[in-house]
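Step one of this worksheet: look at the structure below.
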Amino acid sequence: MEIYQQNQYNQGIGKNKLLSSTAGVGSIITTRIGFYILVSDVNKWKFLQKINSKIGLIKQRVSQEIDIYKQALLEIEYNGIQNIDDQRFIKFIRLEKKLDNLVCLIGIPQMSLNEVFNTPNWKNHPIYKALVKNNVQNQFTSSDFMIMGTHFPKWFKNDEGILKTISKWRNDWNSNGNNTNYFSPPRDVKSPIKNFRNEEIKKKYKDSEGVEHSVTLYKILKQTNLILICPNGHLSDIPWENYIEWKYRKDNFELRKEDKGLYLLQGSNPCCSNNDRVLRWTESKTKSEGYASIFIECLSCEKKVNLDGINNLQPLCIGEKPWEIGDREQSAPRGTCERTNSCRKCNSAHSQEHMQVALVTANNVYYANVFSSLYIPLHLAENKSQELLDALMILDERYNTRNRSTPVTKEEYWNKKIENDFDEFISDNNLPISIDKDIFMNQLKDEFLNLFLEKSRDKHEEYRWQEYSCFSRNSEINGLGNNKGLRFKDVNLSKDLIEFFKKIQQVEELKVTNVQFDFTRVKPKERIVVKGEVKESSNGQNIFSINTQQLFTLPANETLGEGLFFEFSNEKIEKWIFDNLQNLEKRFEKYLKLAPDPNSQGLSSKMKIYNNRYKQFLIHSFSHMMMRELEFSCGYPTPSLKERLYISVSPDMNMSGVLIYTAEGSEGSMGGLVSQGEPEKILEIIKKGLERCVSCSSDPLCWESEGQGIFDLNLCACFSCSLVAETACEEMNLGLDRRVLVDEEFGFFKDLIC
């Protein structure tokens, strides 16, 4: 459809993609009419602005954290927004992102667009109906629940090649007396569309309210597609007037051959001093010479250069963050940008990161760091009663409030304020106690005095351990009351499976919540664990722009589904390794003999293999075998499934399991996957999957492979036999080997397929 006014200038995109690797905050989306839109930070999303503001008011008048949370939920519901209840996840995000005041997570609204007007069907929308019910519909419009964005790159050209920033094109539009509302998409006010009589063409149309409009049609501008990206996530436009001067001087040998435009973004001079300079972009029709056939010239100073060698441009990053541009801001906010993992002695003069040129559609322009959480009720995750958790939260809050004036130790606070007045503490806070009071007091004391003792250096592993322990400790959860959102039960295993698995469970109901933490560019942010120490490969950019103390809520996506959980027998794994150690050492020697090079690519995946050793290949390969077999048994294609690996050799958090569940956007709550876990089916599925692993259409090349896939991290595993959709795999299809499952000499399941 044609776009005639600003409120039609919308782009439909699934809400699940907004917290994914392709379309989160800071990503550049290509619209269907050919423009590039940069997704704004979450504090520009109006629905989140309003909820965050209202929670701030609640915090001013309410002191107890539990009461703040309850009132925040009421406010969210009152405004027609979905609350995502995952207290375990909120607690984790506070620690991980240092968001001490985070109260809740809210769901991203689903705003489908009307195909005729390209605007939401607002009057029939569930959010609008909820607002009407609460008589606050006049306080909101449909745009309040849509995601904000801004044009990027900011440079546009017309049919004659005149190149200007969008702000200058808009000024031209406004200076001719036109309504800004009709400037979207960006148009050239000096190029009206005319018919053969040389008359300007006017178009009549009805908007979504049924009102008829008559507008003059103008030619639409074209957006440039080259930008500068930084490994730390910063983003800059190429200052073309500066580029002309730099390239002109370099072509005339006024600069060194190896000069890469170090100061193009800072301290560099434009091509001329004329503030009203006009640039023109011209291209050869054949484009046979690549960038050498594209020219930029300044019509004021008549300097003309081509784009040959532009990919070698590496200016120092000035920390620009254009996704934080507000409605009235003309220039992008800036932040600091320092090199990561670099030698300061060698780079003391230039400690900033170097940027590089990229096409807006290139894969390396955006890498989102998204964290997913499986919903586990807090009392099950921490293996504590709900009444103990409530008392602990209140006690901790009172202690922190007391400590703001005159700090005291926890022991002093407990002895002076709680132990002697425990009955008063219970009654003042209306805490119900179902066990003996003295026993409860001792439990609370132990938890309070040890609350901040670090149990693990790797908080991510500890978070997975909570999920794994919930499945491992419990044989059944009925999903009622506080456990709503999680329901599973053990499968009665046959004699053939008991040898290999401690348990298999049918997960009849589960919830997975996704939140974007930050993002990088150039290369993904890797989280590396070396001897228990956690390191990150780069500094990501946050998805929010306000002070962390003023951020009370974050957007999230929640998906419902079902799954199958497999817990391997650790005794069987240990015996298998002991019996086949010589074969396993020989097969995996290149991965396990020496620690990976700290400067190598793919270090995160290499370290997981190095740390978890044979168990990583075994469980990950089994997971892929099961996902591929489930395609045949219940019709789920692998893009509709996901794996959640629980693998660790840590003595205090030894994990050997995998959860295979239905993924976001799939029809995953119909029981199709759970039904495959019935005792009479699961053995047959596993056996058939293992039998398919014995042969591959690429054998014998695949079977005898000594390394394939990215960084050669796969052995006997290829697209024909083991790899699944990238969205289904947690480890980028790396660390796989089907021979570890079925090899006649050392295969873990070799006795099951005899």
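What you are looking at is a predicted structure, and each value in this text was computed from that prediction instead of being measured.
- Proximity of Leu683 to Lys687: side-chain heavy atoms (C-beta onward) are separated by under 4.5 Å at one or more points.
- Salt bridge annotation for Lys681-Glu684: absent, with no cationic side-chain nitrogen under 4.0 angstrom from a carboxylate oxygen.
- How far CD1 of Ile498 is from CD1 of Ile504: 10.0 Å, rounded to the nearest 0.5 Å.
- Side-chain N/O atoms of Asn114 and Thr119 include no donor and acceptor closer than 3.5 Å.
- The OG atom of Ser27 sits 7.5 Å away from atom CG of Leu18, with the distance rounded to the nearest 0.5 Å.
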Can Lys459 and Glu462 be said to form a salt bridge (Lys or Arg N to Asp or Glu O under 4.0 Å), step by step?
CA-CA 5 Å; Lys459 294 299 181 185; Glu462 186 177 354; 3.7 Å; yes

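- Here Ile84 contributes atom CD1 and Glu558 contributes atom CD; the two are 5.0 Å apart, rounded to the nearest 0.5 Å.
- Residues His460 and Phe371 are in side-chain contact: their nearest non-hydrogen atoms beyond the backbone lie under 4.5 Å apart.
- Between Gly80 and Ala130, the shortest heavy-atom distance links the atoms CA-CB, 3.9 Å.
- Remark: Lys489 does not engage Glu476 in a salt bridge, criterion side-chain N to carboxylate O under 4.0 Å.
- Ring geometry for Tyr646 against Tyr468 counts as tilted: the plane angle lies between 30° and 60°, on a 0 to 90° scale.
- Shortest non-hydrogen contact noted between His624 and Asn733 is CE1-OD1, 2.9 Å.
- The main-chain N or O of Gln466 is never found under 3.5 Å from a side-chain atom of Ser469 such that the two would form a donor-acceptor pair.
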Under the criterion side-chain hydrogen bond (donor to acceptor under 3.5 Å, both in side chains), I'd like the reasoning laid out for Thr513 against Ser373: C-alpha separation, chi angles, the key distance, then a yes or no.
CA-CA 5 Å; Thr513 302; Ser373 170; 5.7 Å; no

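- Side-chain atoms of Glu562 and Gln506 include no donor-acceptor pair closer than 3.5 Å.
- A donor-acceptor pair under 3.5 Å is absent between the side-chain atoms of Asp737 and the main chain of Leu618, judged by distance alone.
- Atom OG in Ser472 sits 13.5 Å away from atom CD in Glu467 (nearest 0.5 Å).
- With hydrogens and angles ignored, the 3.5 Å screen pairs a side-chain donor or acceptor of Asn714 with a backbone N or O of Leu736.
- In this structure, the side chains of Pro153 and Tyr36 come closer than 4.5 Å at one or more pairs of heavy atoms.
- Under a 3.5 Å cut-off, the side chain of Ser569 and the backbone N or O of Lys572 do form a donor-acceptor pair.
- The backbone N or O of Arg32 sits less than 3.5 Å from a side-chain atom of Gln11, completing a donor-acceptor pair.
- In the displayed structure, Lys15 atom NZ is contacted under 6.0 Å by more than 12 heavy atoms of other residues, nucleotides or ligands.
- Between Arg527 and Asp458, at least one side-chain nitrogen of the basic residue sits less than 4.0 Å from a carboxylate oxygen of the acidic one, meeting the salt-bridge criterion.
- Shown here is Gln601, whose CD atom has no more than 12 heavy atoms of other residues, nucleotides or ligands within 6.0 Å.
- Put simply, the side chain of Phe517 reaches to within 4.5 Å of the side chain of Lys97, judged on heavy atoms.
- With hydrogens and angles left out, the side-chain atoms of Glu730 and His620 include no donor and acceptor closer than 3.5 Å.
- Between the side chain of Asn654 and the backbone N or O of Ser650 there is no donor-acceptor pair closer than 3.5 Å.
- Salt-bridge formation is detected for the pair Asp518/Lys525: a Lys NZ or Arg NE/NH1/NH2 atom is positioned less than 4.0 Å from an Asp or Glu carboxylate oxygen.
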Would you please test Thr727 and Lys642 for side-chain hydrogen bond (donor to acceptor under 3.5 Å, both in side chains) and show each step?
CA-CA 7 Å; Thr727 55; Lys642 278 195 174 182; over 6 Å; no

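- Using cut-offs of 30° and 60° for the angle between ring planes, the Phe501 and Phe568 rings count as tilted.
- When the shell of 6.0 Å around NZ of Lys590 is examined, it contains more than 12 heavy atoms from other residues, nucleotides or ligands.
- Test Phe565, Phe566, Trp465 against Phe471 for ring-ring contact (aromatic ring centres under 6.0 Å, His included) and you get one pass: Phe565.
- Side-chain atoms of Thr31 come within 3.5 Å of backbone N or O of Phe35 as a donor-acceptor pair.
- In this structure, Arg692 forms a cation-pi arrangement with Phe632, its terminal cationic atom sitting closer than 6.0 Å to the ring centre and no more than 45° off the ring axis.
- For the side chain to side chain contact (heavy atoms under 4.5 Å, CB included) criterion with Val360, the lone passing option out of Ile227, Val365, Leu38 is Ile227.
- One finds the CD1 atom of Ile108 at 13.5 Å from the CE atom of Met146 (value rounded to the nearest 0.5 Å).
- Salt bridge Arg738/Asp699: present, at least one basic N to carboxylate O contact under 4.0 Å.
- Using the six-membered ring where Trp is involved, Trp122 and His125 have ring planes that are tilted, between 30° and 60° apart.
- Between Phe617 and Tyr591, the ring centre distance stays below 6.0 Å.
- Without hydrogens or angle criteria, Asp86 side chain to Phe89 main chain gives a donor-acceptor distance under 3.5 Å.
- Looking at heavy atoms from C-beta onward, Cys470 lies in side-chain contact with Phe488 at the 4.5 angstrom threshold.
- Salt-bridge formation is detected for the pair Glu731/Lys608: a Lys NZ or Arg NE/NH1/NH2 atom is positioned less than 4.0 Å from an Asp or Glu carboxylate oxygen.
- Salt bridge absent: Arg587 and Glu706 never bring a charged side-chain N and a carboxylate O closer than 4.0 Å.
- Note: Arg88 CZ to Leu374 CG = 6.5 Å, rounded to the nearest 0.5 Å.
- For Phe749 and Phe500, the ring centers are positioned less than 6.0 Å apart.
- For the side chain to side chain contact (heavy atoms under 4.5 Å, CB included) with Thr662, the lone residue among Leu510, Leu673, Val512 that qualifies is Leu673.
- Although no hydrogens or angles enter the test, the distance criterion places no donor-acceptor pair under 3.5 Å between the side chain of His234 and the main chain of Ile229.
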Is there a side-chain hydrogen bond (donor to acceptor under 3.5 Å, both in side chains) between Arg464 and Ser648? Walk through the geometry before answering.
CA-CA 10 Å; Arg464 283 288 172 103; Ser648 174; over 6 Å; no

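- Looking at Gln505 and Asp490, their side chains do bring a donor and an acceptor atom within 3.5 Å of each other.
- Heavy-atom contacts from other residues, nucleotides or ligands closer than 6.0 Å to NZ of Lys511 number more than 12.
- When Trp45, Phe519, Phe544, Tyr366 are each tested for a ring-ring contact (aromatic ring centres under 6.0 Å, His included) with Trp323, only one passes: Phe519.
- For Arg739 (side chain) and Trp703 (main-chain N/O), a donor-acceptor pair under 3.5 Å exists by modelled atom type.
- Inter-residue side-chain proximity for Leu359 and Leu226 is flagged as met; some heavy-atom pair is nearer than 4.5 Å.
- Residues Pro679 and Leu493 form no side-chain contact, since every pair of their non-hydrogen atoms from C-beta on lies 4.5 Å or further apart.
- When side chains are defined from C-beta on, Arg613 does not count as touching Val649, because their heavy atoms never get closer than 4.5 Å.
- Under the 4.0 Å criterion applied to side-chain N and carboxylate O atoms, Glu526 and Lys535 are not assigned as salt-bridge partners.
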